[in-house]
Amino acid sequence: MSQHRHLSHLQPTVPERPSLDGLENKWDQAWSEQGTYAFAAGTPRGQVFSIDTPPPTVSGSLHVGHVFSYTHTDIVARFWRMRGKAVFYPMGWDDNGLPTERRVQNYYGVRCDPARPYDPDFTPPFEGGAGKSKNAADQVPISRRNFVELCQKLSSEDEKQFEASWRHLGLSVDWSNTYQTIDRHARATSQLAFLRNLARGEAYQQLAPTLWDVTFRTAVAQAELKDVVRKGAYHKIGFKLLEAADADRSPALPTSDGRVYIETTRPELLPACVALVAHPDDDRYKALFGRQVEVPLFGTAVPVVPHRLAEPDKGSGIAMICTFGDVTDVIWWRELHLPTRAILGWDGRILPEPPLGIDRPEAKAAYGELAGLTVFSAQKRIVEMLRGSGDLVGEPQPVEHPVKFFEKGDKPLEIIPTRQWYLSNGGTNAELRQELLERGDELKWYPDFMRVRYQNWVEGLTSDWLISRQRFFGVPFPVWYPVDQFGHPVYDRPIVPSEDRLPVDPATDTPDGYQLDQRGKPGGFIGDPDVMDTWATSSLTPQIACHWRDNPALFASTFPMDLRPQAQDIIRTWLFATVVRADLEQHSLPFYNAAISGFILDPDRKKMSKSQGNVVTPMGLLEEYGSDAVRYWAASARLGTDAAFEPSQMKVGRRLAIKLLNASKFALSFLEQAAPGRTPADRNESALDPAAPVSRGEMALDPAVVTEPLDRSMLTALREVVQTATDALVSYDHTRALEVTETFFWTFCDDYIELVKSRAHGAGGAAAAASAQTALGLALSVLLRLFAPFQPFATEEVWSWWHQAGESIHRQAWPGPDELSLGLTAQASPAILTVAGGVLGALRKAKSEAKVSMRTEITSATVGVPAELSAAAVAAKGDIMAAGRTAELTLAASATDAIELVSAVLAEQS
RNA sequence: GGGCCGUUGGCGCAGGGGUAGCGCGCUUCCUUGACACGGAAGAGGGCACAAGUUCAAAUCUUGUACGGCCCACCA
């Protein structure tokens, strides 16, 4: 960092015609070569600013929303770097999980079949999705290892493209510090955290009803659900009331025909029915509690039971409980201790064999009609059967109702009993839940109202976190199970590896104490076949990036991280899960601040997303407008606020970047003029001392030279801007910082530069000229640094014109409060600049109304100025007259509180 | 059903007790030696609606409407 009271610079080398073209590649390369954004390892925690960068899903393409939110983070990173922090700014790639699997299937025309052996010479049938077929059967089955290799291959190609785009955008990421959520280190970290959870009892296995996606054939977690409104129909079905053991006990049965009528949207689950349920206070059905009814077609006898969750005003007020139609069924089943009659398989089809309770031949025959069918077909078939048997009353009544889907799936979820791994997240433990709520309070949220989304979510948790997935491209569970003498795995005695063996793949690695050939044999072992949910790994991004596992010194200097930037829609997943993991392992927050960005809306105010088909690819934008311009658009939107996709804002940003180049060129031309071909060797000498020796040394801009009131006024106003912008950035309000800087900058260009132009050229003598020239240089230096986080390319370009090669603006000190303090006696009211601009505006108005050029001379003019501002106006009168080309200017008392043109006599035009 | 944001000139946004502000767009003018990828000067709204608090309300309170989102419900 260099001193800025005295600006160091070389003889300016300003291009004849400055341009934004090519700046991105030029500076990206320079920053890369010079290590401008490298993290200084060994920096104590207090001087580090660490960022938990969201690892983008590389299987998707980069879109404008990414550019938007990552720019916000980069502004913060650049600000703190200039404030003297060692910024720890890694980049991760989320390549682990389903999206990559799907992309690989389409891209290479393959599918994973874990039963196949590894083929080291395997070549995919095609690349690039050229032979893409909708039919999964056309995909070539390959081994899990081949499949994972293809996932890694494609991911790393995608990652290169992402990095290129990010670099083009100017993210000041330390590109020597990247990770993949599937790489060796991430796998080891994820497995280590899991083993610790297991040892502490926070991770556990359970055979239980599980939300199940039949397309992907995997369990999914509560956090990955979405509601989809679907068409369905209420089917009214009669259940025959069976004779009561004590027949005269029930005087007022609700049925005159000996039947109980329920309404269901899922008649195909009839064979899975285990009870009917009504509200305990429902007088219509009270008398039935404890009685048995017979399930139509299948002849199963099931009880009628009371439960508070049954809603009297829904349907007929009495519902059938199936194992399992929805999550309420699971609650009823669990709380009422009902039997299980599962009829759905992992593939979403009706199981071939009927469940217990269906034993009569005609019941078995009825079941046989459904066996093997999909849910959809089974429903059609059973409706025909019920109609035939007379158990269906009337026609099904169409309804639209919300159904739970996996957020990435396109078929409704089913609930299937399976063995799965769970991790405590407060869903079943009030004490932990309270602790996690307190973590949410402890965290600083930007904007603060995002906090309630976290609270809502934590308060609404109904189960622990299901972390196992029956997929292939993910981090495997680092466990094996002993196989007993009968060949059955012993699930409650998992075998774990020692921590130094991580990462392991239990599908190919052998547990300690066993031989390779004992796999799957009685008395041997078997590996857990599942992988972890992608969030189970990405919830550890702070531990991965900061190297909790293998670099305690780095971890100590970067964790808990300073900032977690992320999107609002993954508070319940990524943010919450990260808090859970750090709470369990480190007993702390994983980060102190969360910056939540909004969505990008297209011009029709809809959320931009791939499925909407309205996504604009960012690279085209970056090339068309320039990265600084696109960043400007992003920076104009506040955290947590949805923003419209606005090319017009990008044009404004581009105009600003060009203006920065041109205004700087102009200001620097005076510095050159001030000391042509020479610079003082002694920093304490005046920059303008013509006797100073010529050298390639440094030239000082001495604030003491700034003597003119207008110049001092401008610098005083700028000082306030510095204060405001700094305060705003400290509180993550980049919009405000940009706004005040930009507003000042336009005044600086339109008014100040115009006002001092002729004086800076020497019209008022050497001292007055030096004052203007030095003020221009000082202001330029400060303004460039204020803009640097927002427009890194244009500012770096300008900086390079007058500073030593390699002396990046992005490593300079952020303007401080002292830098522009000109000494108490040299302060001047910022009002001078304002008034001078106002009076100049009045003179311009005279010309504009006369429809003449601004060059036109004014013979004489009178401008009214409010009394309290008249002294300020007088102080800048000479500059105003010069800028307005006015020979005779009278400053009169204004009748109003505004500056107003009273009269003007224009010279004849030639 | 519970909750969180928002509603300010044609569009995008800022302001947040004293009587509206920025950018784009629009109109008119200006090819001035930093910039035509420019510059200057203008026109245009009374801040969704209603009631209240106050000397004074875009600004505070309450309610309503509309838009967006989160959570819950899912027979």
Side-chain angles (χ1 to χ4, degrees), chain A residues 14 17-21 227 229-230 232 234-235 262-266 269 276-278 309-311 314-322 325-329 332 399 401-404 412 447-462 568-569 571-572 598-599 601 603 605-607 625-626 629 633 636-638 640-649 651-670 735-736 739 742-743 746 749-750 753-754 757 761 840-856 885 901:
Chain A
V14 183
R17 227 186 129 66
S19 163
L20 296 176
D21 297 338
D227 283 356
V229 175
R230 290 201 116 204
Y234 279 129
H235 300 74
I262 60 109
E263 290 185 49
T264 179
T265 55
R266 303 223 40 197
L269 294 179
L276 299 188
V277 65
L309 286 182
E311 296 188 27
K314 196 166 279 183
S316 57
I318 185 164
M320 72 169 179
I321 303 175
C322 302
D326 61 40
V327 288
T328 318
D329 279 344
W332 283 327
V399 289
H401 62 147
V403 177
K404 287 213 186 301
D448 190 65
F449 64 76
M450 290 293 178
R451 183 191 303 278
V452 301
R453 302 202 180 184
Y454 176 93
Q455 288 166 348
N456 283 349
W457 177 251
V458 179
E459 284 162 2
L461 286 169
T462 57
Q568 54 180 311
D569 55 338
I571 291 174
R572 65 174 180 171
F599 292 130
L601 308 172
R605 309 258 73 197
K606 296 212 181 72
K607 180 185 166 188
Y625 298 100
W633 159 72
S636 308
R638 295 190 294 184
T641 304
D642 294 346
F645 173 69
E646 270 285 325
S648 72
Q649 276 296 98
K651 286 183 190 161
V652 177
R654 183 172 176 84
R655 197 176 61 132
L656 175 62
I658 292 167
K659 194 76 175 181
L660 272 171
L661 298 181
N662 284 311
S664 301
K665 174 188 168 192
F666 185 65
L668 291 173
S669 71
F670 292 111
T735 312
R736 175 91 182 121
E739 185 192 357
E742 190 189 5
T743 301
W746 287 109
C749 291
D750 296 343
I753 289 183
E754 291 301 323
K757 223 177 214 178
H761 275 299
L840 180 59
L843 298 175
R844 285 166 174 164
K845 185 174 181 174
K847 298 177 190 180
S848 190
E849 284 176 350
K851 302 194 173 188
V852 296
S853 160
M854 290 295 143
R855 291 179 82 180
T856 308
R885 293 170 185 265
L901 178 68

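Convention: sequence-line order gives letters A, B, ...; per-chain numbering from 1.
- A:Cys749 comes within contact range of at least one nucleobase, with a heavy-atom separation under 4.0 Å.
- Remark: the A:Asp642 side chain and the B:C69 base include no donor-acceptor N/O pair separated by less than 3.5 Å.
- Taking only side-chain atoms of A:Arg844, from C-beta outward, the nucleotide of B:A41, B:A75, B:G39 with the closest atom is B:A41.
- Residue contacts for A:Gly841: at a heavy-atom cut-off of 4.0 Å it reaches the sugar-phosphate backbone alone, with no base atom in range.
- Listed nucleotides B:G39, B:C70, B:A75 differ in distance to A:His401; the shortest reach to its side chain belongs to B:A75.
- The residue A:Glu754 sits close to a base: some heavy atom pair falls under 4.0 Å.
- Among the atoms of the strands shown, none is found under 4.0 Å from any heavy atom of A:Glu849.
- Among the atoms of the strands shown, only primed sugar atoms or phosphate atoms (P, OP1, OP2) are found under 4.0 Å from some heavy atom of A:Arg638.
- For B:A72, neither phosphate oxygen OP1 nor OP2 lies less than 4.0 angstrom from any side-chain nitrogen or oxygen of A:Arg453.
- Residue A:Lys845 is classed as a sugar-phosphate contact, given heavy-atom separations below 4.0 Å to backbone atoms only.
- By the side chain to side chain donor-acceptor pair (under 3.5 Å) test, A:Ser636 is found to be paired with A:Gln649, residues two or more places apart in sequence or in another chain being considered.
- Here A:Gln568 pairs with A:Arg453, A:Asp642 under the side chain to side chain donor-acceptor pair (under 3.5 Å) rule; sequence neighbours left out.
- Comparing B:A75, B:G12, B:A41 against the side chain of A:Ala644 picks out B:G12 as the nearest.
- Between A:Lys665 and A:Trp332, the residue whose closest nucleotide on RNA chain B is further toward the 5' end is A:Lys665.
- Taking only side-chain atoms of A:Glu739, from C-beta outward, the nucleotide of B:A14, B:A75, B:G42 with the closest atom is B:A14.
- By the side chain to side chain donor-acceptor pair (under 3.5 Å) test, A:Lys845 pairs with no residue at all, sequence neighbours left out.
- Where A:Ala842 and A:Leu309 meet RNA chain B, the nucleotide closest to each residue was compared, and A:Ala842 sits on the side nearer the 5' end.
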Original post:
Could you write nucleotides 27-33 of chain B as a row of B, S and -, 5' to 3', where a protein heavy atom under 4.0 Å of any base atom gives B, of only sugar-phosphate atoms gives S, and otherwise -?
Top reply: -SSS-BB
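- The A:Asn662 side chain lies nearest to B:C35 when the options are B:C35, B:C4, B:A75.
- Rounded to a whole angstrom, the distance from the C1' atom of B:C26 to that of B:A43 is 8 Å.
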Subject >> Secondary structure string for RNA chain B (Watson-Crick or G-U under 3.5 angstrom, | for other-strand pairs) >> reply: ((((((((.[[[[.)..(..]]]].(((((.......))))).....[[[[[..)....]]]]])))))))....
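- For the C1' atom pair drawn from B:U31 and B:A40, the interatomic distance equals 14 Å after rounding to whole Å.
- The C1' atoms of B:A50 and B:A57 are separated by 14 Å, rounded to the nearest whole Å.
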Below 3.5 Å between N/O atoms, which protein atoms pair up with nucleotides 21-24 of chain B? Just atom names and distances, please.
residue, atom, partner, partner atom, Å
B:C24, OP1, A:Arg655, NH2, 3.2

